[in-house]
Amino acid sequence: GEGADCDGLKVMMAKTLAASGQGDASVQILTQVLSKDDTHVGALLEYSRAYVERGRPNEALQILLRVLIHAPNDKDARGLISSIVKQPNGLEVLHSELGDAAKSGPALAFMATLVKDYGAVEESVALYYKALECAPQMTTYVLNLVHTLEVCNRYQEAMDLAVRFCAEHSDMTVGGLYKNGDVVKVMEGSHDIHSPSLRSGDHPGLSQVVYWVPNLGSVVRARSDKTALPDPSLSTALPSPAAPAPDKSKQKIPPYSADELDLLALHFTMVKILYVCGALALIPPLVEAIEVARKGWDMHLTTIRNEHAYYCCVTQLFCSVPHPFPSAPDTVYVAGDSHSLSSAWQVINVNGRDTQLVPALVTGLKCFHLRPEAVFFPKHNFYSVIGKIPRGSRVVFLFGEIDCREGIIMAVEKGKYKDMDEGISRTIDFYLNVLDSLTKQQEFVIYVQPVAPVLNETREVVKVFNKTLKEKVLKTPSLRFLDILDSLLTADKKGLNPLYEMDGTHMGPEYCKLIETSLQALGLESKQ
């Protein structure tokens with residue numbers, strides 16, 4: 001009715017007054033609106049902003065928590081809560097305003113998830129730890145906390161937490177097929193997951209290897225065992241992320257509870273973390289313990305599809321890692337989304353020197369997340385990971401695949417850009433501006449790799465993106481372009497070169513030969 005429209009106008013007026021420095025007049029109008037309707041979301045939001053301005057975060061938060069009850073998905077409310085929580089003592093303010101809810105696992109986990117999405121990542125970690133204290137048996141809290149620690153690049157802490165949870169609940173199972181205790185056994189005595197001895201030492205796990213058999217899954221063997229692998233009667237790749245789900249009657253949904261799926265996801269994530277950190281010796285025995293619960297089910301149709309995708313990616317790449325692992329004198333870091341795993345722990349030869357490719361994984365990062373005003377957590381992940389790469393290192397960057405798969409197309413549909421070309425151009429500018437500044441701040445020597453043209457559904461977008469990326473990199477004196485594009489495609493430029501196929505989503509490690517050739521051609525600086 002008329003009243004609501006009128007209230008909306010009054011709130012806009014109050015906003016304008018506040019913006020022009022007339023805070024008191026603004027608050028008067030808001031008080032008027034709220035005296036008629038004390039649930040008016042717009043007025044409550046402005047009122048809380050006024051409290052923030054006046055340095056009274058407690059009152060602001062009190063109001064915002066009320067807004068959440070009426071409008072749980074309100075982006076402004078969530079953003080404001082997160083910015084209050086990010087302030088010094090923001091967490092104490094939150095705990096005091098939550099009252100009894102500060103002792104409730106679900107309430108704390110809800111707040112942890114909420115503030116994480118707005119970049120309050122360290123605070124989110126603290127809230128998940130608190131939620132776990134309230135409910136130590138909640139697998140979902142452990143899984144979310146492990147993922148949030150990954151975002152902070154705190155892999156050792158994430159692994160210690162996961163192992164501790166498995167040890168404290170050693171009888172917990174996935175479908176009665178294996179226990180947490182089996183996972184703990186694998187990890188016994190391995191405290192430092194970054195230790196090179198887990199790549200090149202005499203750990204018994206290094207005498208095993210993981211093979212991937214299409215349509216079957218992971219098979220763990222002794223390296224000395226030369227008998228034939230099981231026959232994959234059909235060949236399949238995992239369905240590509242853009243492919244439609246199979247017909248309901250043909251879906252093989254696993255018979256596990258939500259908690260069992262979360263536990264399996266936790267174990268999948270342990271495999272991913274071990275691979276990223278180079279703790280290769282622990283992967284075969286861990287895969288051997290948990291694969292039994294995965295085989296034969298359509299895991300990509302469940303809530304844990306992402307963890308499953310990483311696990312499958314690692315188990316397919318594992319047998320390509322050189323063994324025994326050479327002690328390479330040089331290192332090139334490869335910073336990217338999940339595509340950075342394709343080259344992880346491969347050793348190439350550049351200017352006659354063995355050079356190991358070390359992954360710097362930033363899960364789920366779009367170039368779009370790197371724009372200056374963004375707060376979404378992958379940006380925090382990016383800077384946490386990049387900050388740990390030694391100054392002056394040589395770094396290959398390969399982001400942009402997720403922008404091509406969903407970001408840019410959706411933004412054009414929503415009218416954010418006039419067309420694909422503008423969307424691609426703006427997205428690449430956000431990306432290259434950050435890389436350019438890293439060459440100055442961190443003294444990195446940066447090589448930009450084109451986006452992998454693997455998915456059939458998005459290859460045309462990827463080709464345009466890569467063409468623009470190349471043009472812009474060549475115009476940026478501080479950056480170098482790894483010109484491997486033509487080699488990645490078939491001769492007619494329509495498909496992915498079969499040499500580099502792996503799982504329908506990622507390239508196989510064979511493509512590292514192209515990095516090698518391209519770095520040679522660029523006359524790699526020997527900065528270490």
Side-chain angles (χ1 to χ4, degrees), residues 150-156 192-196 198-200 273 275-280 321-322 325-363 365 367 370 378-400 431-451 469 473 476-484 509 511-528:
E150 286 182 82
V151 171
C152 301
N153 200 16
R154 286 151 65 179
Y155 284 120
Q156 184 68 56
D192 174 12
I193 55 171
H194 295 278
S195 164
L198 292 173
R199 275 193 298 291
S200 52
I273 291 173
Y275 198 67
V276 171
C277 297
L280 305 177
V321 174
F325 195 79
S327 57
D330 292 355
T331 298
V332 166
Y333 293 89
V334 181
D337 50 27
S338 62
H339 292 274
S340 65
L341 294 186
S342 296
S343 57
W345 310 112
Q346 294 294 319
V347 175
I348 59 175
N349 193 287
V350 182
N351 305 338
R353 291 171 69 86
D354 277 345
T355 304
Q356 60 172 348
L357 299 176
V358 174
L361 169 69
V362 184
T363 294
L365 184 91
C367 299
L370 293 175
K379 184 181 190 177
H380 184 91
N381 191 351
F382 178 85
Y383 284 105
S384 304
V385 168
I386 299 306
K388 293 260 173 75
I389 296 177
R391 203 179 178 73
S393 292
R394 300 169 304 185
V395 193
V396 171
F397 280 85
L398 51 101
F399 295 100
Y431 179 32
L432 298 186
N433 285 341
V434 169
L435 298 194
D436 181 48
S437 66
L438 289 174
T439 61
K440 300 176 181 68
Q441 292 155 13
Q442 306 284 344
E443 296 173 18
F444 289 159
V445 179
I446 291 182
Y447 302 89
V448 181
Q449 185 187 302
V451 168
L469 183 65
V473 170
T476 313
S478 64
L479 305 175
R480 295 155 187 77
F481 189 69
L482 286 184
D483 206 346
I484 61 177
Y511 102 93
C512 295
K513 274 274 168 261
L514 302 178
I515 300 183
E516 181 178 89
T517 317
S518 186
L519 289 176
Q520 290 272 28
L522 285 166
L524 186 64
E525 287 78 358
S526 58
K527 271 172 106 169
Q528 259 299 281

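If you read the sequence from its start, that first residue is 1, and numbering goes on from there. As the structure is a computational prediction, the values presented were derived from the model and not from experiment.
- For the residue pair Q449 and L398, the shortest heavy atom distance occurs at OE1-CD2, 3.4 Å.
- Checked against side-chain hydrogen bond (donor to acceptor under 3.5 Å, both in side chains), E150 has the following partners two or more places apart in sequence or in another chain: H147, K272.
- Counting heavy atoms from C-beta outward, L522 and L482 have side chains that approach closer than 4.5 Å.
- Once rounded to the nearest 0.5 Å, the distance linking CD1 of I348 with CD of Q356 reads 10.5 Å.
- Between atom NZ of residue K440 and atom CG of residue L435 there is a gap of 10.5 Å, rounded to the nearest 0.5 Å.
- With sequence neighbours excluded, the residues satisfying side-chain contact (heavy atoms from CB on, under 4.5 Å) with D192 are Q156, H194, S195.
- Listed by chain and number, the residues in a side-chain contact (heavy atoms from CB on, under 4.5 Å) with S437 are Q441 (sequence neighbours excluded).
- For V385 against L361, the heavy-atom pair with the smallest separation is CG2-O, 3.5 Å.
- Listed by first and then second residue, the salt bridge (charged side-chain N to carboxylate O under 4.0 Å, His left out) pairs that reach into residues 342-351 come to none, sequence neighbours excluded.
- For the residue pair F444 and P390, the shortest heavy atom distance occurs at CE2-O, 3.4 Å.
- Under the 4.5 Å side-chain criterion, counting only non-hydrogen atoms from C-beta, R394 is not in contact with L519.
- Side-chain contact between V347 and V321: absent, with no pair of heavy atoms (C-beta onward) separated by less than 4.5 Å.
- Every residue meeting the side-chain contact (heavy atoms from CB on, under 4.5 Å) condition with A335, not counting sequence neighbours, appears here in chain and number order: A360, I386, V395, F397, F399.
- I484 and L514 make their closest contact through CG2-O, 3.6 Å (heavy atoms, listed as atom of the first residue, atom of the second, distance).
- Scored by the side-chain hydrogen bond (donor to acceptor under 3.5 Å, both in side chains) test, K388 finds no partners at all (sequence neighbours excluded).
- Rounded to the nearest 0.5 Å, atoms SG (C277) and OH (Y155) are 6.5 Å apart.
- With sequence neighbours left out, N349 forms a side-chain hydrogen bond (donor to acceptor under 3.5 Å, both in side chains) with D354.
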* Could you walk me through whether V434 and F382 pass the side-chain contact (heavy atoms from CB on, under 4.5 Å) check? -> CA-CA 11 Å; V434 169; F382 178 85; 3.7 Å; yes
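- Between L479 and F481 there is no side-chain heavy-atom pair separated by less than 4.5 Å.
- Applying the side-chain hydrogen bond (donor to acceptor under 3.5 Å, both in side chains) rule to pairs touching residues 335-346 yields S338-H506, H339-E401, sequence neighbours excluded.
- Taking all atoms of both residues into account, the shortest heavy-atom contact from I446 to T439 is CD1-CG2, 3.7 Å.
- Evaluation of the salt bridge (charged side-chain N to carboxylate O under 4.0 Å, His left out) rule for R199 yields no partner, not counting sequence neighbours.
- Shown here are the side-chain hydrogen bond (donor to acceptor under 3.5 Å, both in side chains) partners of Y275, two or more places apart in sequence or in another chain: there are none.
- For P378, the side-chain contact (heavy atoms from CB on, under 4.5 Å) partners are L365, H369, F376, not counting sequence neighbours.
- The two residues L469 and P450 have their closest heavy-atom pair at CD2-CA, 4.2 Å.
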